Amino acid sequence: MKETNTNSPLVAGGDKLKLAIQKSGRLHDDSIRLLKECGIDISNGVNKLKAEASNFPIEVYFLRDDDIPQYVEDAVADIGFVGENVVYEKKKKVTVTEKLGFGKCRLSIAVRKNEEYTGVQFLAGKKIATSYPVILKDYLKKNNVQAEIHEISGSVEIAPGIGLADAICDLVSSGSTLFMNGLKESESILQSQAVMIQNKNLSAEKQQLINRLLFRIQSVKKAKNNKYILLNAPNNKLAEIIGLLPGMKSPTVLPLAEEGWSSVHSVLNENDFWEIIEQLKAAGAQGILVVPIEKMIV
Ligand code: PRT
Ligand code: ZN
């Protein structure tokens, strides 16, 4: 029987896109959630090595995060979702395509909390424990600091306490791990979040699928950063209120049943959200409703 590709009208009988995500750990759930928000349902369970989507030509491979850059470089997977920290540490030949907005953390140097940290030269001649020797080495070189790098694979934060090192270089998000181990953050050397990486030699068909996925990811990200706002405004204050609202093009204004009033609809960015709401209230806006946006196509 002749096979037809029912998943994608854009790809005639084409291969599926192969995506590598973390099998379990901090990035797993957010990776699956992002796919779901992109309308991609992964059918079979994660105990398998791979799963297929029923409604997009994609196959998902579940791997250790450290292995994802290599698999993408070797084209075992076409694309991967992985932390920037891992991408830069592994130094594989892959392209970073898009920041994904989750898994945010920083790679930082930390010292004992009672230490008087005077700047990066403090580290000269010291022993630094880390799971990120490549990034740390580059950083020390850039800052002309000679220090000893002691590579360990886990529980880096206990190294100073047991006398294994004078400082550590590790991922930090809330800072509570450092705090609990009597350490303080002294330099932040890399800001990181999950990114999409891709193989450097993909076919035009694969690239077309990636572009479709990217379009969805970008729409989901934009929607998360914006809120839909509805408010009532007296007509004599309309000009002032509209002046406060950016909107995608310009705000929608509809007459209310009550004479002399209008309903105004617009989109607000998360960053200036509260400030604009305060100004809107001061300008006479009433009955302000704020609604999350699921997807935002601009
Ligand atoms: O099994 P596999 O190898 O796949 O997983 P893993 O154990 O190597 O990685 P995992 O799941 O711990 O982390 C995956 C990715 O999540 C990392 O590569 C980062 O990109 C990202 N991420 C975000 C973090 C953190 N935040 C984070 N806080 N990864 C690790 N941590 C650890 C950190 O190492 C330290 O031990 O959390 C502790 C610090 O957290 P706070 O909140 O106490 O500061
Ligand atoms: Zn790992």
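Nothing here was measured: the structure is a model prediction, and the numbers come from that model.
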Judged by atom type as modelled, is there a donor-acceptor pair below 3.5 Å linking the side chain of [X] to the main-chain atoms of [Y]?
X: Asn269; Y: Asn271; result: yes
X: Glu89; Y: Val134; result: yes
X: Lys184; Y: Glu115; result: yes
X: Asn199; Y: Asp78; result: no
X: Ser262; Y: Asn235; result: no
X: Gln193; Y: Gly101; result: yes
X: Glu294; Y: Ala223; result: no
X: Asn55; Y: Gly39; result: yes
X: Thr97; Y: Ile197; result: no
X: His28; Y: Lys23; result: yes

Hey, are [X] and [Y] close enough for a salt bridge, meaning a charged N less than 4.0 Å from a carboxylate O?
X: Glu73; Y: Lys90; result: no
X: Asp30; Y: Arg33; result: yes
X: Glu240; Y: Lys237; result: no

Could you state whether [X] and [Y] fall into the same hydrophobic cluster, counting links through intermediate Ile, Leu, Val, Met, Phe, Trp or Tyr residues with side-chain heavy atoms under 4.5 angstrom apart?
X: Ile168; Y: Leu190; value: no
X: Ile58; Y: Leu209; value: yes
X: Phe122; Y: Leu178; value: no
X: Val120; Y: Ile189; value: yes
X: Tyr132; Y: Val172; value: no

Between [X] and [Y], is any pair of side-chain heavy atoms under 4.5 Å apart?
X: Phe81; Y: Leu34; answer: yes
X: Leu107; Y: Asn85; answer: no
X: Asp41; Y: Lys36; answer: yes
X: Leu280; Y: Ile241; answer: yes
X: Ile32; Y: Phe62; answer: yes
X: Val290; Y: Ile277; answer: yes

Take a 6.0 Å sphere around NZ of Lys295 and say whether it holds more than 12 heavy atoms from other residues, nucleotides or ligands. yes

Go through the steps to decide whether Glu157 and Thr177 satisfy the test side-chain hydrogen bond (donor to acceptor under 3.5 Å, both in side chains), and finish with yes or no. CA-CA 7 Å; Glu157 64 279 355; Thr177 302; 5.9 Å; no

Indicate the atoms forming the closest heavy-atom contact of [X] with [Y], along with that distance.
X: Met196; Y: Ile217; value: SD-CD1, 4.2 Å
X: Asn226; Y: Lys222; value: ND2-O, 2.7 Å
X: Ser131; Y: Ile152; value: OG-O, 2.8 Å
X: Val264; Y: Pro251; value: CG1-CB, 3.9 Å

Modelled atom types, side-chain donor and acceptor of Asp74 and Gln70, under 3.5 Å: yes

Strictly by modelled atom types, are Ser108 and Glu185 linked by a side-chain donor-acceptor pair under 3.5 Å? yes

Enter the distance from [X]:[atom1] to [Y]:[atom2] here, rounded to the nearest 0.5 Å.
X: Ile128; Y: Leu164; atom1: CD1; atom2: CG; result: 13.0 Å
X: Met296; Y: Lys227; atom1: CE; atom2: NZ; result: 11.5 Å
X: Gln191; Y: Lys99; atom1: CD; atom2: NZ; result: 9.5 Å
X: Ile293; Y: Asn225; atom1: CD1; atom2: CG; result: 10.0 Å

Taking salt bridge (charged side-chain N to carboxylate O under 4.0 Å, His left out) as the criterion, tell me which of Glu52, Glu205, Glu59 meets it with Lys16. Glu52

